Number of protein chains: 2
Amino acid sequence: MAEDSRILAGKRTTIYDIARLAETSASAVSSVLNGSWQKRRISKRLAAKITEIAEREGYSANAQASLLRRARSNIVGMIVPKYDNRYFGSIAEQFEAISRARGLFPVVTCTQREPALEVEAAKELISFQAECLIATGATDPDHLTALCEAAGVLSINLDLPGNAAVSVISDNYGGARELTALILDRCREIGYEGALHFVGGRPSDHNTAVRLRGFLDVHHARGIAVPEDHVLVPGYSADRAEQAMKSLSPRDAMGIFVNSTISLEGVVRWSQGLNDAARQRLRYGCFDYDPFAALLPSNVGMVQQNISKMLETAFDIMDTRRHPSEPILVPCVLRPC
Amino acid sequence: MAEDSRILAGKRTTIYDIARLAETSASAVSSVLNGSWQKRRISKRLAAKITEIAEREGYSANAQASLLRRARSNIVGMIVPKYDNRYFGSIAEQFEAISRARGLFPVVTCTQREPALEVEAAKELISFQAECLIATGATDPDHLTALCEAAGVLSINLDLPGNAAVSVISDNYGGARELTALILDRCREIGYEGALHFVGGRPSDHNTAVRLRGFLDVHHARGIAVPEDHVLVPGYSADRAEQAMKSLSPRDAMGIFVNSTISLEGVVRWSQGLNDAARQRLRYGCFDYDPFAALLPSNVGMVQQNISKMLETAFDIMDTRRHPSEPILVPCVLRPC
DNA sequence: CTGAAAGCGCTAACAC
DNA sequence: GTGTTAGCGCTTTCAG
């Protein structure tokens with residue numbers, strides 16, 4: 001069979017092959033196969049014949065050739081730091097779903113929080129003619145924006161704000177206030193009225209700084225002083241958080257504001273080393289949502305970021321090319337456990 | 001400035017623009033910018049000049065044009081059903097990392113367990129000239145393989161076996177045996193010696209069927225009869241699992257083999273409705289790993305699938321194009337909690 | 001060491 | 001209604 005030899009030779013069927021088989025021209029084949037044939041008023045008969053042959057031959061258009069010729073690529077790119085966490089996983093998943101629903105081709109790539117990889121990935125996406133790049137939780141969003149700008153690619157920051165492009169981020173301050181208030185309230189139930197601990201994140205990190213501000217403001221409003229050693233910001237890692245907790249002198253009761261699920265892992269591991277009595281008198285809440293973490297016994301609540309809303313906003317910006325200079329804040333949802 | 005007008009016009013710098021600025025030819029620019037200039041013995045001076053100008057102009061190669069001309073694309077595609085779960089998240093993440101380390105360009109896309117989306121995504125990847133498509137947990141892997149075959153694209157099944165292409169899957173039988181044995185042993189500690197319940201999955205699903213066989217075989221080997229109503233396979237959803245558990249008549253002690261973390265969510269929700277005494281006399285284990293689920297009080301162990309090993313094997317197949325007809329089994333790791 | 005030229009597969013004027 | 005033709009931006013012989 002003709003196809004077999006093509007496969008062995010590594011050559012794929014082209015519109016010229018189909019044109020020959022259908023005894024017509026390449027342009028007719030092209031317009032039929034890409035749906036623009038109504039505009040060209042090609043006969044239904046020819047269209048059917050071409051479609052049938054293409055099907056039979058297992059034809060697949062060469063996207064590279066098509067994209068090279070077309071004006072728009074319809075490719076939208078996204079960079080996320082990690083997939084293996086519910087927050088970024090959902091972002092990637094929803095981004096793909098929305099893109100497809102709009103007839104766009106999503107390509108998302110994860111960059112492991114490595115600045116060099118972020119830059120490399122952004123360059124690749126630009127090279128692939130992406131029309132827009134959404135950078136999620138990037139370490140240096142402004143650098144990525146600069147690359148995009150040089151290529152005329154729209155860039156949008158999600159989750160973490162930048163100065164050079166539109167940013168759509170969670171209302172970290174509001175979310176942190178709500179969570180702090182909830183944990184304080186629930187600590188009263190175990191008879192603890194003192195300051196909470198704040199655990200996880202880096203002080204230099206924007207989101208951590210804003211959440212910490214919310215945390216402190218609520219304490220202040222309630223007239224509770226927060227000792228300096230209640231703020232533990234050793235970075236984003238379960239081990240670091242666990243170590244930080246272990247380094248604390250034992251308390252008979254306490255409440256913890258955990259900054260991110262990754263830190264929560266460390267806190268929970270630490271809490272499992274506690275005796276029953278101490279664990280009974282422990283309450284924590286976490287900024288970020290994870291369905292299993294929500295089922296943990298001492299967990300009083302989690303802050304869920306509104307991913308759909310953030311993405312919707314980002315796509316709105318793509319459509320309108322409206323560029324507000326202030327970050328757009330999207331409220332979070334507090335989910336008491 | 002020239003660049004500014006280009007940006008406004010939406011036209012990007014090409015090798016011809018650079019050639020003009022560097023007073024040389026497009027072919028020289030091309031070879032310098034894609035690294036093949038040593039082979040062409042281009043002077044260091046010219047190379048430096050070209051690089052410098054390209055940098056200044058913010059040049060970015062058009063991947064479509066380059067790919068159209070080249071023999072190989074270096075694109076490798078992957079389809080996963082979901083990102084928002086630790087297992088598939090890790091698969092996607094590690095796939096990207098390994099691909100990059102090998103100089104390949106990974107494109108992964110998630111298909112929501114929708115057969116139509118799987119087909120569409122596969123066609124897109126083929127159209128983008130992917131050299132290989134790894135289908136993870138596909139609902140109809142053989143269909144995807146057929147599409148790949150027609151285009152001369154290597155196809156590999158991961159996690160779920162197919163008949164038409166090489167399959168790399170977890171040793172579900174062995175893993176299920178180990179987990180069953182562990183749960184039975186730990187149930188003795190609470191004085192329960194009866195049959196476990198098996199919860200989650202669909203009976204028609206390959207992995208569920210194999211795991212169930214391991215579950216039953218261990219019971220049989222220990223001389224424990226498994227009543228039919230101990231097998232609850234209402235599909236993959238937390239709600240279904242929760243309903244299934246609620247429909248059971250109350251027991252004073254029980255052990256559960258939970259099939260997948262999504263079902264575990266339902267089981268844990270159900271268990272939270274139990275009184276303290278009943279919860280004390282409950283033990284479960286789960287096939288699939290999640291770090292928070294591992295911290296749940298009644299959880300005695302989780303089966304972690306060996307993702308690195310599976311991917312390594314898949315890439316080996318890509319390299320050697322060796323096509324064993326039997327699925328390749330990769331052992332799981334039992335992680336007692 | 002370097003440049004000219006052909007062509008990858010497809011699209012979109014334009015011609016008939 | 002349909003075919004011809006001129007590129008899209010790049011890589012790669014082949015000549016010098």
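What you are looking at is a predicted structure, and each value in this text was computed from that prediction instead of being measured. As a basis for the values below, the full set of heavy atoms in this structure was taken, side chains included, without hydrogen atoms, waters or symmetry mates. We name chains A, B, ... by the order of the sequence lines, and we start the count at 1 in each one.
With sequence neighbours excluded, no residue satisfies salt bridge (charged side-chain N to carboxylate O under 4.0 Å, His left out) with B:Arg321. Under the rule for a side chain to side chain contact (heavy atoms under 4.5 Å, CB included), the partners of B:Thr145 that lie at least two apart in sequence or sit in another chain are B:Glu149, B:Ser155, B:Asn157, B:Ala164, B:Ala165.
Side-chain atoms of A:Arg69 and A:Ser30 include no donor-acceptor pair closer than 3.5 Å. Judged purely by distance below 3.5 Å, without hydrogens or angles, the side chains of B:Gln305 and B:Ser170 pair a donor atom with an acceptor atom.
With rounding to whole Å, A:Lys49 atom NZ is found 13 Å from D:dT2 atom C1'. Remark: P of C:dG9 and CG of A:Asp17 are 9 Å apart, rounded to the nearest angstrom. Here C:dA12 presents its C1' atom at 12 Å from CD1 of A:Ile42, a figure rounded to the nearest Å.
At least one side-chain heavy atom of A:Val108 sits under 4.5 Å from a side-chain heavy atom of A:Tyr83. Side chains of A:Val153 and B:Arg12 form a contact here, defined as non-hydrogen atoms less than 4.5 Å apart.
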What string of B, S and - do you get for nucleotides 8-16 of chain D, 5' to 3', when a contact is any protein heavy atom under 4.0 Å?
BBBBBB---
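Nearest to the side chain of A:Arg41, among D:dG1, D:dG3, C:dA4, sits D:dG1.
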